[in-house]
*Asks:* 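This structure is in structure tokens; I'll ask about it shortly.
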Amino acid sequence: MSEDAAVESRWRVPLSDITVDNELADAVLETLRSGWWSMGPRVAEFERAFAEFCGAPHALAVANGTAALHLALLAVGCGPEDEVVVPSLNFVAAANAIVHTGAEPVFCDIVGPDELNLDPEDVEAAVTPRTKALLALHYAGFPCAMDDLRAIADSHGLAIVEDAAHAPGASLEGHMCGTLGDVGCFSFFSNKNLPMGEGGMVVTDDDALAEKIRLFRSHGMTTLTWDRHRGHASSYDVVLRGFNYRLDELRAALGLVELGRLREGNRARGEIVERYRRALDGEAGISMPFVPREGVVSTHHLAVILLPEGKARHDVQTALAERGIQTSVHYPPIHMFSAYKEQPRRSLPVTESIAERVLTLPLFPHMSDAQVAAVIEGVLASV
Ligand SMILES: Cc1ncc(COP(=O)(O)O)c(C=O)c1O
């Protein structure tokens, strides 16, 4: 973090942290001085680099991960009268994006304490004749059971949208998350593995979906201001009723630098998570989901533990905060929020029991050994 942020932070160990250095500052300054700030050549370069990173033919940069989800759902045809199956143990952006297409979220359960991803059996049970798509989250960057989800989607003619907000660089049997479904959605919010303040990306191998997303992203217009500035176009038509979900050049400049750091950052996160696992899993009733598995590469976006049953999480968080250790909860289930309480209810027993026990510990690539040790000591003393 920068010195200013360090002075302001009350945390000895914050939940997440970013590195600020001259390479990032220079990239932004150079873009600033270029005089072109709205979507243009740097965004195009970031898209090319991200597409190559994922092994996807199309990558479309957008303003944030929520916009990515909204565009992906619209592109696969979600609208009024449709249902989209989604895990309730997820960030609320997923449900909000669904309802803003006019469709209804159908909340689904997760596998269990070892794997906080969608349970394919419950997905199958949630499908109705109105289901249009599955919105599958790779929780904490651990790929969900895509083979099973694909089989369900194919048998009912459903699209799969991946919420890969946690998963840039994750893979399943050598295939990158974001390319496992029909459309993959990424977030580059400041606490993500590829941080740029705000930003997102939509990835697909389908030419027609990519074209729809490109149009929806910029008002449904057939050309960009940048195209007209370069003399590549002089006018435009509007072929559908779209949005302004564009990414800007300054953030793309940050994104290009951060993309170059992503693999190493993911690796460093993985080492810290394994240190947590060795010290905490099975100790004092604590468990840690997502045991490493052959064929699965996680991005280790979050370090999540499950507290012993019956342990008051608030007390643990307070005790850790007193030691200067910041924690969080990923996530309060969406179906329990006021805005979603009226939604028709499915029974979600696994989500409801596990959501009371999840606790997210600090995790960022440049955490010091002393910070990791302080968290471990703090957790063991607080449960
Ligand atoms: C799982 C998940 N989905 C979607 C989003 C939305 O992304 P953004 O904050 O970039 O809109 C986030 C990030 O906050 C997220 O964690």
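Every value quoted in this text rests on a predicted model; they were computed, and no experiment measured them. All ligand and atom numbering here is 1-based and tracks the order in the structure.
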*Asks:* Run the numbers for me: atoms of ligand 1, each under 4.0 Å from some heavy atom of Asn90, listed by number.
*Replies:* 1 (C)

*Asks:* Anything under 30° is parallel, anything over 60° is perpendicular, the rest tilted; go ahead and classify Phe50 against Phe53.
*Replies:* tilted

*Asks:* Going hydrophobic residue to hydrophobic residue with side-chain gaps under 4.5 angstrom, can you get from Leu363 over to Leu262?
*Replies:* no

*Asks:* At less than 4.0 angstrom from any non-hydrogen atom of Ala93, what atoms of ligand 1 do you find?
*Replies:* 4 (C), 6 (C)

*Asks:* Please determine whether any non-hydrogen atom of Phe186 lies less than 4.0 Å from an atom of ligand 1.
*Replies:* no

*Asks:* Within the distance-only criterion (no hydrogens, no angle test), does the side chain of Thr101 pair as donor or acceptor with the backbone N or O of Ile98 below 3.5 angstrom?
*Replies:* yes

*Asks:* If the cut-off is 4.0 Å to any non-hydrogen atom of Gly65, which atoms of ligand 1 fall inside it?
*Replies:* 7 (O), 8 (P), 10 (O), 11 (O)

*Asks:* Please work out which of the three classes, parallel, tilted or perpendicular, describes the rings of Phe216 and Phe243, given edges at 30° and 60°.
*Replies:* tilted

*Asks:* For the backbone of Ala140 and the side chain of His166, can you confirm whether one donor and one acceptor N or O come within less than 3.5 Å of each other?
*Replies:* yes

*Asks:* What about the rings of Phe364 and His366, do their centers lie closer together than 6.0 Å?
*Replies:* yes

*Asks:* Could you tell me the residue and atom name of the protein heavy atom closest to atom 16 (O) of ligand 1, and the distance to it rounded to 0.1 Å?
*Replies:* His166 NE2, 3.1 Å

*Asks:* Output the list of atoms in ligand 1 that are nearer than 4.0 Å to some heavy atom of Asn64, sorted by atom number.
*Replies:* 10 (O), 11 (O)

*Asks:* Which of the listed options, Gly197, Cys185, Ala165, holds the heavy atom that is closest to atom 2 (C) of ligand 1?
*Replies:* Ala165

*Asks:* For ligand 1, is there an atom lying under 4.0 Å from some heavy atom of Lys192?
*Replies:* yes

*Asks:* Could you identify the single nearest non-hydrogen protein atom to atom 5 (C) of ligand 1 and state the distance to 0.1 Å?
*Replies:* Phe91 CD2, 3.6 Å

*Asks:* Quick one: which ligand 1 atoms are inside 4.0 Å of a heavy atom on Thr66?
*Replies:* 6 (C), 7 (O), 8 (P), 11 (O)

*Asks:* Within a distance under 4.0 Å of any heavy atom of Tyr331, pick out the atoms of ligand 1 and give their elements.
*Replies:* 1 (C), 16 (O)

*Asks:* With no hydrogens and no angle check, is any side-chain donor or acceptor of Trp37 less than 3.5 Å from a backbone partner on Glu249?
*Replies:* no

*Asks:* Check this for me - ligand 1, Phe188, N or O atoms closer than 3.5 angstrom, yes or no?
*Replies:* no

*Asks:* State, to 0.1 Å, how close Val350 and Gly112 come at their nearest heavy-atom pair, and which atoms those are.
*Replies:* CG1-CA, 3.7 Å

*Asks:* Taking distance alone, with no angle check, do Asp163 and ligand 1 share an N/O pair under 3.5 Å?
*Replies:* yes

*Asks:* Please could you name the atoms of ligand 1 that Leu137 approaches to less than 4.0 Å, counting only its heavy atoms?
*Replies:* 1 (C)

*Asks:* Which atoms form the tightest heavy-atom contact between Pro57 and Thr204, and what is the distance?
*Replies:* CD-O, 3.7 Å

